[in-house]
Amino acid sequence: MSDLDTRTRQAPHAIAAAPVLILLGPPGAGKGTQARMLEERFGLVQLSTGDLLRAAVKAGTEAGRRAEAVMKAGDLVSDDIVIAILRDRMAEPDCVRGVILDGFPRTAVQARALDALLAETGQNVNAAISLEVDDAAMVARISGRYTCAECGEGYHDSFKQPARAGTCDKCGGTAFKRRADDKAETVEARLKVYHAETAPLIAYYDDKGSLDRIDAMGGIEDISAALAALVQQRT
Ligand code: AMP
């Protein structure tokens with residue numbers, strides 16, 4: 001990972017060497033927060049299919065129109081839409097730096113599609129990292145969370161308030177937003193879907209020898225440190 005600049009300059013051959021990391025875990029496990037940390041620390045590109053879908057909804061694209069109601073209900077958007085969005089995003093030049101997938105894959109079909117996509121450029125998943133948490137704590141974690149509308153920095157009513165009330169620590173922005181699907185009832189639905197569709201991927205990556213597990217119930221900084229050590233080892 002120390003070789004970031006060289007790798008960026010060597011495109012397109014260097015694509016084959018670019019790390020691909022996956023963060024697995026239920027909603028509220030901290031995938032977004034930790035992916036942002038990895039982006040800052042290692043220069044990896046955070047690819048959140050949730051963010052890409054929310055952007056598509058906002059832009060009113062065909063995919064966004066098809067996804068909107070499904071997302072509001074806490075269900076999974078169809079594999080074909082999500083795979084197409086991910087494939088397009090991964091073709092953008094910045095991904096040569098390596099990517100950290102946050103919220104993808106979420107089904108066995110998506111996991112196999114990712115393998116096929118990476119095989120086209122001789123890539124592999126370097127590590128699928130499962131953020132291990134207690135479900136019971138996730139509803140409280142999610143229902144209190146909000147982000148800076150300007151830069152996306154994450155905050156929480158109980159666990160992480162900005163140092164100066166109402167002002168983002170990172171960019172000084174003063175507008176904040178909460179996700180429409182972070183209501184308690186929708187969170188329950190999302191957790192159910194996670195266990196039915198996504199949790200089996202832990203075994204999928206374990207069988208391939210690319211699974212790592214991290215205890216993600218502690219403080220954000222401790223989890224970040226454990227994750228950073230793991231990423232250094234795996235890339
Ligand atoms: P997230 O921001 O990852 O929590 O995703 C928010 C919502 O977007 C999910 O509840 C799903 O409705 C949808 N979504 C995000 N990623 C995927 C995916 N890989 N497959 C299907 N639906 C997804």
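Small disclaimer: the values here were computed from a predicted structure and weren't measured. Read the numbers this way: they start at 1 and go in the same order the structure lists the ligands and their atoms.
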Salt bridge or not between Asp157 and Arg178? Use side-chain N to carboxylate O under 4.0 Å. yes

For His195, enumerate each residue passing the ring pair (Phe, Tyr, Trp, His ring centres under 6.0 Å) test, keeping only those at least two apart in sequence or located in another chain. none

Between Asp115 and Arg112, does at least one N-O distance fall below 4.0 Å, as a salt bridge requires? no

Could you walk me through whether Thr107 and Asp79 satisfy the side-chain hydrogen bond (donor to acceptor under 3.5 Å, both in side chains) test, starting with their C-alpha distance in whole Å, then the side-chain angles of each, then the deciding distance to 0.1 Å, before giving a yes or no? CA-CA 8 Å; Thr107 64; Asp79 288 327; 2.9 Å; yes

Using the rule side chain to side chain contact (heavy atoms under 4.5 Å, CB included), only one of Val57, Thr61, Asp80 pairs with Arg66; which is it? Asp80

Does the distance from a Lys or Arg side-chain N to an Asp or Glu carboxylate O, for Arg36 and Glu39, drop under 4.0 Å? no

When you look for protein heavy atoms under 4.0 Å from ligand 1, which residues do they belong to? Thr49, Gly50, Leu53, Arg54, Met71, Asp75, Leu76, Val77, Val82, Gly103, Phe104, Arg106, Gln110, Arg179, Asp181, Arg190

